[in-house]
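Values below: all heavy atoms of this structure, side chains included; hydrogens, waters and symmetry mates excluded.
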Amino acid sequence: MDTAVDHLQESHALPALSVDVEGMTCASCSARVERGLSKLPGVSDAGVNLATERAELHFDPKQISAEQIVEAIRDTGYTPVSTEAELSIEGMTCASCVGRVERALNKAPGVLEASVNLATERAKVCFLPAMTDADTLAATVADAGYEAHPVGDAAEAAESDGEKRRASLHAMGRDVALAAILGAVIVVVGMGGGHSCPPSTARSAPPARSRASGTGSNSLSPVLCCLCRGGAFSGPV
């Protein structure tokens, strides 16, 4: 009895690991994954829940790593769910800074692998979404003494700002075009002077007079008369 209690206490003192597993369709599937995990050295209290599609266990990092456990699940024929995130990190100045950030990330629960590049000031992290997320990883870097944020957040914000700017420019271009059209109409009307253009006048105007008038204001009379006949103007221009 005491031995069982001691074993239980020891197992709970070990790090916990939760892994989402895809592809299980029945109790036989979950039992197969559970048996595979229970056979691994350093793994204790392995259990697989079919409803939540999640495997939970405790493991001894001295005997087996989280990456090896994930690969063991894959070897049983099912897909362990992992994802990647990229963090932008500010404040690193040397290789020592890089090592400090990498150690902090690799020790974080749910992290399978982390690498940091000093030149780009970026960290790439592969992790288990069942245990952590990008914001939590950024907080881990902050606890190590550096400022960090998920790159995806900044990219999405920049994309959103770009879309807003494009929409604003499109609306501005539309307004400018409309203003130009209205301005042209006003200029045409203004250059028409005080001439009235009823349809009968347009038909009775002598061709010789039109030729003699050259490029003066009377040359706009056909345009204004067309506007009058089209109903654009109800009275004298």
(message) Between L17 and L57, is there a side-chain heavy-atom distance shorter than 4.5 Å?
(response) yes
(message) With heavy-atom distances below 4.5 Å as the criterion, would you say the side chains of L112 and S82 are in contact?
(response) yes
(message) Among residues at least two apart in sequence or on other chains, which ones pass side-chain hydrogen bond (donor to acceptor under 3.5 Å, both in side chains) with Q63?
(response) D60
(request) If a pair satisfies salt bridge (charged side-chain N to carboxylate O under 4.0 Å, His left out) and one of its residues is in residues 24-40, list it, with sequence neighbours excluded. (result) none
(request) Measure the shortest side-chain to side-chain distance between V70 and L128 over non-hydrogen atoms and say whether it is less than 4.5 angstrom. (result) yes
(request) Check side-chain hydrogen bond (donor to acceptor under 3.5 Å, both in side chains) between R54 and all other residues, then give those that pass, not counting sequence neighbours. (result) D20
(request) Tell me yes or no: between the side chains of D143 and T140, is some donor less than 3.5 Å from an acceptor? (result) no
(message) Could you list the cluster mates of V98? Members are the ILVMFWY residues connected by side-chain heavy atoms closer than 4.5 Å, either directly or through other members.
(response) L87, I89, M92, V101, L105, V111, V116, L118, V125, F127, L137, V141, Y146
(message) Applying side-chain contact (heavy atoms from CB on, under 4.5 Å) to S88 and R122, what does each step give before you reach the verdict?
(response) CA-CA 5 Å; S88 176; R122 297 287 176 90; 4.0 Å; yes
(message) Taking side-chain contact (heavy atoms from CB on, under 4.5 Å) as the definition, give me every residue that meets it alongside Q68, ordered by chain and number, with sequence neighbours left out.
(response) I64, S65
(message) Can you tell me how far apart OH (Y78) and OG1 (T25) are? Round to the nearest 0.5 Å.
(response) 6.5 Å
(message) Suppose the criterion is salt bridge (charged side-chain N to carboxylate O under 4.0 Å, His left out): which pairs have a residue in residues 95-107, not counting sequence neighbours?
(response) none
(request) Quick one: list whatever passes salt bridge (charged side-chain N to carboxylate O under 4.0 Å, His left out) with E71, sequence neighbours left out. (result) R74
(message) Does any part of the side chain of L40, heavy atoms only, come nearer than 4.5 Å to the side chain of L37, both counted from C-beta?
(response) yes
(message) List the residues meeting side-chain contact (heavy atoms from CB on, under 4.5 Å) with P109, not counting sequence neighbours, and say none if there are none.
(response) M131
(request) Only pairs at least two apart or in different chains count here, so list each salt bridge (charged side-chain N to carboxylate O under 4.0 Å, His left out) that has a residue in residues 176-191. (result) none
(message) Going by side-chain contact (heavy atoms from CB on, under 4.5 Å), name the residues that satisfy it together with E22, two or more places apart in sequence or in a different chain.
(response) T79, V81
(request) Using side-chain contact (heavy atoms from CB on, under 4.5 Å) as the criterion, list what pairs up with K124, not counting sequence neighbours. (result) E86, S115
(request) Can you measure from OG (S44) to NE2 (H58) and round to the nearest 0.5 angstrom? (result) 6.5 Å
(message) For N106, give me all partners under side-chain hydrogen bond (donor to acceptor under 3.5 Å, both in side chains), at least two apart in sequence or on another chain.
(response) none
